[in-house]
Amino acid sequence: MDGQISPLAPTPTLLADYQPYPFDLSRTQLRFALAPTATRVIARLHLTPHGQIADLVLDGEGLKLQRIEIDGVAVTGYHLTDTVLTIPAERLPRAAFVLETEVEIAPASNTALEGLYMSNGMYCTQCEAEGFRKITFYPDRPDVMSRFDVRIEGREPVLLSNGNPVASGKDDDGRGWAEWSDPWPKPAYLFALVAGDLRHISDSFTTSEGRDVALNIYVRPGDEGRCGFAMEALIRSMEWDERVWGRAYDLDIFNIVAVDDFNMGAMENKGLNIFNSKLVLASPETATDLDYERIEAVIGHEYFHNWTGNRITCRDWFQLCLKEGLTVYRDQTFTADVRKGAVKRIDDVMTLRARQFREDQGPLSHAVRPDSYIEINNFYTATIYEKGAEIIGMLRSVIGEEAWAKGTALYFDRHDGQACTIEDWLAVFAEVSNRDLSQFKRWYTDAGTPEVSVRETWEDGRFTLTFTQSTAPTPNQPDKPARVIPIRVALFDPSAKMLGTEQVLEMDQPEQSFCFDGLAERPHPSILRGFSAPVMLRLDPTVDHRAFLFAHDTDPFNRWEAGRDLALAALAALSNGAPLAAASDYLSALGDFLADPLPAPAFRALCLQLPSDDEIAKLLCTQGDLPDPDAIEGARNTLSAAIASRHETALVALYDAAEIAGTYSPDAEPTGKRALRRAILAHLTHIDKGVRAQQAFANAQNMTDQIGALGLLIAHGIGAQASAAFYEQWKGERLVMDKWFSVELAYAPKDQAVARAEELAGHPLFDWKNPNQFRALLGGLAANHAAFHRADGAGYRFYGDWLLTLDPKNPQTAARMSTAFQTWSQFDDRRRAQAQMVFAKLLGTPSLSRDLGEMVERLAKG
Ligand code: TRP
Ligand code: ZN
């Protein structure tokens, strides 16, 4: 059965086992006759054997084979298993031939949302990574690239596939048909089909090469008014990719379709991107500033894949970071350029630490290019995506701008139309920079987050920074040789004047010193500016420059980081039972910062946001302390209240000054002001009895302000009325209801959250089979640190039972959500035992999917 564990333990796929496919597949012709329970798929594969004689092996899962012919003659003697169709070499022609198969599939009963499935009566597909094999028999691997011609027959008014439209019409019986042809060879994972009663908005774009491109966004009837922002974002993405990367679009049409039931964010199918509707639909009343920003980023991300992913694709799934790391790097720099400037880097580092560092320091740690996997869907991780993007940024700073420009141009030139590896990617940069990048490559092959410690010495006008690097062992990788670590550094004199210019120090040894001579006074160093490498920096404990840097650093990231470090130190001390005096350094540095008139609202907002409970817990662990979720939550509230009472006047003044009149705009400037007001409100609510939060909720003119205030009211136990009002107002809006489910649990008082989760799981509007809703509810609970990690295990049990419920329907999403457990082993024995009981229950379930099974086995190792 689909996705179910076999009685034998599943065998891992190994990078070392790669073999090229022994056939060329120049053309693929597909014909779909759509019907919910019996869709017929006829596939004609134009195959040519490569020299040597080989069996023809095709992937196929859950397909009812009706017919199989070679050059028009029925094939006999083939072999069929649950997952593979094999035609022995001796039954195959020695030269080019056409294999035709006809299969039947049932999209209406496909709840895994992989292959061809239905969402609200509309047909759609998701083929990455290995979903195409659920549509027809095919070599479902990314290094087999083919030109696709597709004919779709169905009663739906809109029938879409990849490439350019060729023809369409209606048969006498009212059935429609449409033919599409994609001139660009592509692997099967980029195939897409959509059919339904959809509405669309249109625009157009003329490329730098003079091609007129029709742009369409397709949505459910009634949603047409909420796609304008996504369309603008698409046009900005197309302009940016031409301007910054010299990459133009290559078809006459670009279609985007929004789908409610979707396992992830969005998918870059050639010329027909499919999106989770929450990443397309936006109006000021229903979407937050963060939603707007994400929509723009993901529209960009999927569009940028057209070159980094589609025109140049991956040889095998071990190379996933080749397209994902690079494309995340592209979307991050796009957002920084067109929207947020330097604060984008701070956001990205916060995400990296919250997701990737957490992954890399726990049982799920793996290399950016792993060498083995059981279920590839489990490797669409923060490590592959976000750390993959960090490596691109480091490569760029290591080789310099000139080589970067030459290398990227050479990459597109040399590898267009190919399925490539990380070796191919690195080779172009080694070539243009004349450097040996083999040590740099360890960033791809070695898992784990390096720890870099700094020691300072000052003697006779010579300032020396000595760095040591080490990386803790990770699963199956005990030894970690030194890596290349680019460390951006600047020095300031005591009057805060920068000495010389910023430099990139390149570390490539376990220990290394860098000297700065001829200095009149001992400088203040600013180290790892812009977070120039994804490492944990341990500053010299004998000197403390943090208050100085928080006041004066010209690098926005390091200025923010200095304040963050002070806050974290205070929170760690408070969590360990220290009195409030432990926070006085931080509180007075914050006072100086608030008195500085220059920082922009968005930057101020980031500096006022306290680290999450999860981050505090991690810090305590690395200090050798046992984190207590209740104490951590208490510490965060204590510090927040102290910030409010100590700096009330300054905060109130900033809060009032950041008020915006007039109509909503998602632009960076008003977004920054709203973020600042929200960050301040979080502190002031501790001392004003919730008066301002109540006002903010009552006066909210947009979802950003409304949901922000609601979360605070709930957190302070005064949200019941607001929550009921919110529910009444928005119960008809599915995307807003996701927010409501999530906020109800994320902010609920820790002793009430699990009971509330149980209640909401039975709510008539809660549909657990919809991944967005499942994620809203379970993700909301997991975000409530003290509730999820409750000492009596109630949070773990509730969560584990829901994973077990979802698993048979949608193993991919169940497996992905299991990552909430990845920090379980850092807590006390009582909590650990509770988590282990949940793992035992899951692993004792005989029908557990391969997806969730692999995850729980890895998690359980702690
Ligand atoms: N390639 C997609 C992206 O990063 C992500 C993706 C992989 C995906 N598998 C998926 C999306 C399954 C949805 C469902 O842009
Ligand atoms: Zn991607």
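Just so you know, these numbers use all the heavy atoms, side chains as well, and skip hydrogens, waters and symmetry mates. Remember, it's a predicted structure, so these values are computed and weren't measured experimentally. Remember, it's 1-based here, ligands and their atoms both numbered in the order they're listed.
Per residue Glu324, closest N, O or S atom to the Zn ion (ligand 2): atom name OE1.
For ligand 1, the atoms closer than 4.0 angstrom to any heavy atom of Ala266 are 2 (C), 3 (C), 5 (C), 11 (C), 15 (O). Those atoms of ligand 1 with a heavy atom of Gln812 less than 4.0 angstrom away are 12 (C). Close approach of ligand 1 to Lys323 is summarised as follows: ligand atoms under 4.0 Å from at least one heavy atom of the residue are 1 (N). Taking every non-hydrogen atom of His301 and a distance limit under 4.0 Å, the qualifying atoms of ligand 1 come out as 3 (C), 4 (O), 15 (O). Of all the atoms in ligand 1, the ones that sit under 4.0 Å from a non-hydrogen atom of Phe262 are 13 (C). Close contacts between ligand 1 and Glu302 involve ligand atoms 3 (C), 15 (O) [criterion: under 4.0 Å to a heavy atom]. Each of the atoms 1 (N), 2 (C), 3 (C), 15 (O) of ligand 1 lies under 4.0 Å from some heavy atom of Glu268. Against a heavy-atom cut-off of under 4.0 Å, Met267 is close to the following atoms of ligand 1: 1 (N), 2 (C).
Closest to atom 8 (C) of ligand 1, if we only count protein heavy atoms, is Met264 CE, 3.5 Å. The protein non-hydrogen atom at the shortest distance from atom 5 (C) of ligand 1 is Tyr385 OH, 3.4 Å. Protein heavy atom closest to atom 12 (C) of ligand 1, with residue, atom name and distance, is Gln126 NE2, 3.2 Å.
With respect to Arg141 and Glu130, no salt bridge is recorded, no charged nitrogen being found less than 4.0 Å from a carboxylate O. A salt bridge does not link Asp197 with Arg220: none of the charged nitrogens is closer than 4.0 Å to a carboxylate oxygen.
With 3.5 Å as the limit, one finds a donor-acceptor pair spanning the side chains of Asn306 and Asp250.
Cation-pi geometry between Lys186 and Phe148 is satisfied (NZ or CZ under 6.0 Å from the ring centre, within 45° of the ring normal). Because its NZ or CZ atom is both nearer than 6.0 Å to the ring centre of Tyr18 and within 45° of the ring axis, Arg315 counts as a cation-pi partner of that residue. A cation-pi arrangement is not found for Arg147 relative to Trp184, the charged atom failing to lie both closer than 6.0 Å to the ring centre and inside a 45° cone about the ring normal. For the pair Arg247 and Phe412, the cation-pi test (distance below 6.0 Å, angle within 45°) is passed.
When NE2 of His301 and NE2 of His305 are joined through the Zn ion (ligand 2), the resulting angle is 100° to the nearest 10°.
Between Glu324 and ligand 1, at least one N/O pair is under 3.5 Å apart.
Not a single donor-acceptor pair under 3.5 Å links the side chain of Asn216 to the backbone N or O of Asn255. Between the side chain of Asn162 and the backbone N or O of Lys270 there is at least one donor-acceptor pair closer than 3.5 Å. The closest donor-acceptor contact from the side chain of Ser146 to the backbone of Leu25 lies under 3.5 Å.
If you look at Glu128 next to ligand 1, the close heavy atoms, those under 4.0 Å, come from the backbone and the side chain alike. Of all the heavy atoms of Glu114, none lies under 4.0 Å from any atom of ligand 1, so neither backbone nor side chain is involved.
Residue Arg294 places its CZ atom among 12 or fewer non-hydrogen atoms of other residues, nucleotides or ligands, all under 6.0 Å distant.
Among the atoms of Glu268, no N, O or S atom falls under 2.8 Å of the Zn ion (ligand 2).
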